[in-house]
Amino acid sequence: MKLTRILVAAAVVTALTAGTAAAQSTLENVKSRGQLKCGVSTGLAGFSQPNAQGKWEGFDVDYCRAVAAAIFGDPDKVAFTPTTAKERFTALQSGEIDILSRNTTWTLSRDVQLGFEFVGTDYYDGQGFMIRKDMGISSAKQLDGASVCIQTGTTTELNLADFFRSHNMKFEPVTIDTSDQAREAYEAGRCDVYTTDASGLAAQRASMADPSAHVILPEIISKEPLGPLVRHGDNNWGDIGRWVLNAMITAEEDGVTSKNVDEMKTSSDNPEVKRLLGVEGEMGAMLGLPNEWAYNIIKSVGNYSEVFERNVGVKTPLGLERGLNALWKDGGILYSPPFR
């Protein structure tokens with residue numbers, strides 16, 4: 001009996017050890033493959049979409065390019081896998097992708113029940129409504145009886161039901177698989193209203209034949225903290241994902257850009273900048289990365305502000321203000337823990 005208990009205990013320890021080793025191998029798998037596998041949307045202007053040459057670009061894409069730059073020193077060592085809202089979690093759970101960067105809302109059930117780890121919020125958003133301007137409606141509270149195009153497998157379905165129920169209104173759902181299909185259905189007149197995250201509405205309106213014919217109503221009916229996520233169980237990989245984002249935010253806080261990063265590396269007297277750029281300390285070694293990992297991110301991809309303005313900012317077709325996504329010292333809530 002004693003021997004049996006010893007063997008069982010040994011088997012449990014062996015299984016746990018093997019499971020931990022397997023779970024903690026993502027970085028090594030990525031290195032040996034020579035390429036990061038990143039899950040993105042099937043196409044959302046400003047966030048993740050192939051350009052005319054077939055190269056993926058956008059806000060979410062640049063995050064994965066930053067991860068690749070941190071690991072390899074090369075932002076192009078990443079393969080992008082387009083996923084629908086329904087497919088995205090299966091792709092991550094199965095190991096088809098290493099990280100998901102796809103306008104995904106951080107919720108308790110996704111974090112805990114589905115076994116994911118959100119590494120941070122890179123875009124603070126909220127659900128809104130878009131209608132045709134000629135409807136003459138100025139508030140979402142006037143939408144009683146409207147047909148609403150909505151993407152399946154998203155938090156927007158539940159938020160929509162809650163909003164209409166709380167205001168004693170009825171609606172007719174028109175469910176669609178992808179955001180582009182939802183936009184096309186809305187433009188074709190299959191529904192009166194299109195609802196999704198406000199940033200997504202801005203992206204889809206920018207892709208329409210006549211963006212000025214559509215308006216986004218003022219109501220924001222939910223909190224949608226969007227961010228990248230990885231599988232539970234690999235703490236080191238989660239740390240890398242988290243601190244890649246924090247590095248871009250900190251770079252903006254400290255005024256380090258892709259244009260001045262070389263000068264800052266040699267001349268800055270700011271101790272945090274020195275640690276960030278690998279001049280002092282061993283921040284990279286803590287993560288299993290080269291000591292210039294954050295320098296490589298900033299040099300090749302940019303800081304948070306550069307990524308935001310290049311892809312979705314006021315000078316892009318989306319025309320988005322920073323709003324909540326401004327730094328904490330500029331009236332927003334964007335904030336990175338210290339680099340020390």
Asker: Please determine whether a side-chain nitrogen of the Lys or Arg among K299 and D262 lies less than 4.0 Å from a carboxylate oxygen of the Asp or Glu.
Answerer: yes
Asker: Does a donor on one side chain sit under 3.5 Å from an acceptor on the other, for R88 and T104?
Answerer: yes
Asker: Please give me the minimum heavy-atom distance between M248 and I297, naming the atom from each residue.
Answerer: CG-CG2, 3.7 Å
Asker: Rounded to the nearest 0.5 Å, how far does CZ of F59 lie from OG of S101?
Answerer: 8.0 Å
Asker: Under a plain distance cut-off of 3.5 Å, with no hydrogens placed, do T42 and T84 share a side-chain donor-acceptor pair?
Answerer: no
Asker: Which heavy atom of F72 sits nearest to which heavy atom of Q35, and what is that distance?
Answerer: CZ-N, 3.5 Å
Asker: One thing to verify: whether K86 and E157 come together as a salt bridge, which I'm taking to mean a side-chain N less than 4.0 angstrom from a carboxylate O.
Answerer: no
Asker: Does R33 come within less than 4.0 Å of D98, counting only side-chain N to carboxylate O?
Answerer: yes
Asker: Flag yes if V312 and L327 sit in one hydrophobic cluster, no otherwise; membership is Ile, Leu, Val, Met, Phe, Trp, Tyr, and two members link when side-chain heavy atoms are under 4.5 Å apart.
Answerer: yes
Asker: Just so I know, are the side chains of S139 and E219 near enough to count as touching, which here means a heavy-atom distance under 4.5 Å?
Answerer: yes
Asker: Quick check with a 6.0 Å cut-off and a 45 degree axis cone: is R132 positioned over the face of Y186's six-membered ring?
Answerer: yes
Asker: Side chain to side chain contact (heavy atoms under 4.5 Å, CB included), that's the test. Do V61 and V40 meet it? Break it down for me.
Answerer: CA-CA 7 Å; V61 167; V40 291; 4.3 Å; yes
Asker: Mind telling me whether Y123 and F47 have parallel, tilted or perpendicular rings, with 30° and 60° as the class edges?
Answerer: perpendicular
Asker: Before giving the answer on side chain to side chain contact (heavy atoms under 4.5 Å, CB included), spell out for N291 and E282 the whole-Å C-alpha distance, their side-chain angles and the decisive distance to 0.1 Å.
Answerer: CA-CA 6 Å; N291 219 37; E282 297 292 334; 3.8 Å; yes
Asker: Per the side-chain contact (heavy atoms from CB on, under 4.5 Å) rule, which among N325, L245, D62 passes with D122?
Answerer: L245
Asker: How many angstroms lie between CG in D192 and OG in S147, if you round to the nearest 0.5 Å?
Answerer: 3.5 Å
Asker: Does the N260 side chain pair with the main chain of V256, one donor and one acceptor, at a distance under 3.5 Å?
Answerer: no
Asker: Does any non-hydrogen side-chain atom of V314 lie less than 4.5 Å from one of E321?
Answerer: yes
Asker: Are side-chain heavy atoms of D111 and W106 found at a separation under 4.5 Å?
Answerer: yes
Asker: Going by atom types alone, do T154 and T156 pair a side-chain donor with an acceptor below 3.5 Å?
Answerer: yes
Asker: Check whether the side chains of D210 and S212 place a donor and an acceptor atom closer than 3.5 Å, and report yes or no.
Answerer: yes
Asker: Looking at T155, is its backbone amide N or carbonyl O close enough to the side chain of N159 to form a donor-acceptor pair, meaning the two atoms are under 3.5 Å apart?
Answerer: yes
Asker: As an exercise, state the distance from CD1 of I240 to CD1 of I71, rounded to the nearest 0.5 Å.
Answerer: 5.5 Å
Asker: Quick one about T250 and N246 (side-chain donor to acceptor, distance below 3.5 Å, no hydrogens or angles considered), yes or no?
Answerer: no
Asker: Are side-chain N/O atoms of Q142 and S138 paired as donor and acceptor at under 3.5 Å?
Answerer: yes
Asker: Does V30 reach the side chain of V67, with side-chain heavy atoms less than 4.5 Å apart?
Answerer: no
Asker: Is there a salt bridge (Lys or Arg N to Asp or Glu O under 4.0 Å) between D76 and R65? Walk through the geometry before answering.
Answerer: CA-CA 6 Å; D76 293 327; R65 295 181 71 246; 3.7 Å; yes
Asker: Go through the side-chain N and O atoms of D234 and T26 and say whether any donor and acceptor fall under 3.5 Å apart.
Answerer: yes
Asker: Does L229 reach the side chain of E117, with side-chain heavy atoms less than 4.5 Å apart?
Answerer: no
Asker: If you draw a 6.0 Å radius around NZ in K223, do more than 12 non-hydrogen atoms from other residues or ligands fall strictly inside?
Answerer: no
Asker: Say whether, by atom type as modelled, one donor and one acceptor occur between the side chain of E280 and the main chain of K274 under 3.5 angstrom.
Answerer: no
Asker: How about Q127 and T196: does a side-chain donor come under 3.5 Å of a side-chain acceptor?
Answerer: no
Asker: Go through R205 and L201 one step at a time and tell me if the side chain to side chain contact (heavy atoms under 4.5 Å, CB included) criterion holds.
Answerer: CA-CA 6 Å; R205 182 171 64 174; L201 293 177; over 6 Å; no
Asker: With distance as the sole test, does R275 use its side chain to make a donor-acceptor pair with the main-chain N or O of F339 at under 3.5 Å?
Answerer: yes
Asker: Students often mix this up, so state it plainly: with edges at 30° and 60°, are the rings of F164 and F129 parallel, tilted or perpendicular?
Answerer: perpendicular
Asker: List the steps, then state whether side chain to side chain contact (heavy atoms under 4.5 Å, CB included) holds for N270 with L276.
Answerer: CA-CA 10 Å; N270 184 330; L276 176 69; over 6 Å; no
Asker: Just so I know, are the side chains of D125 and S199 near enough to count as touching, which here means a heavy-atom distance under 4.5 Å?
Answerer: yes
Asker: Could you tell me whether the side chain of N103 reaches within less than 4.5 Å of the side chain of E224, counting heavy atoms only?
Answerer: no
Asker: Determine whether I221 and M130 fall in the same hydrophobic cluster, where Ile, Leu, Val, Met, Phe, Trp and Tyr are linked whenever their side-chain heavy atoms lie under 4.5 Å apart.
Answerer: no
Asker: Treating Ile, Leu, Val, Met, Phe, Trp and Tyr as nodes and any side-chain heavy-atom pair under 4.5 angstrom as an edge, say whether F163 and V215 lie in one connected cluster.
Answerer: yes
Asker: Would a single hydrophobic cluster contain both L92 and L114, if residues Ile, Leu, Val, Met, Phe, Trp and Tyr are joined by side-chain heavy-atom contacts under 4.5 Å?
Answerer: yes
Asker: Restricting to non-hydrogen atoms, name the atom on G200 and the atom on L44 that form the minimum distance, rounded to 0.1 Å.
Answerer: O-CD1, 4.2 Å
Asker: Do any N or O atoms from the side chain of H167 and from the backbone of K141 form a donor-acceptor pair under 3.5 angstrom?
Answerer: no
Asker: Which atom pair, heavy atoms only, marks the closest approach of A206 to P317?
Answerer: CB-O, 3.8 Å
Asker: Report the distance from atom CZ of F80 to atom CD1 of I97, rounding to the nearest 0.5 Å.
Answerer: 11.5 Å
Asker: So which atom in S94 and which in A91 form the shortest heavy-atom distance, rounded to 0.1 Å?
Answerer: OG-O, 3.2 Å
Asker: Does the structure place the NZ or CZ of R110 under 6.0 Å from the centre of the six-membered ring of F89, at an angle of no more than 45° from the ring's axis?
Answerer: no
Asker: Linking I/L/V/M/F/W/Y whenever their side-chain heavy atoms sit closer than 4.5 Å, directly or via other members, would Y194 and V174 fall into one cluster?
Answerer: no
Asker: To the nearest 0.5 Å, what is the distance between CG (L100) and CD (E87)?
Answerer: 11.5 Å
Asker: Testing the basics here: between L289 and A70, what is the closest heavy-atom pair and its distance to 0.1 Å?
Answerer: CD2-O, 4.0 Å
Asker: A side-chain contact here means heavy atoms from C-beta on lying under 4.5 Å apart; do K37 and E96 qualify?
Answerer: no
Asker: Rounded to the nearest 0.5 Å, what separation is found between the NZ atom of K259 and the CD atom of E306?
Answerer: 5.5 Å
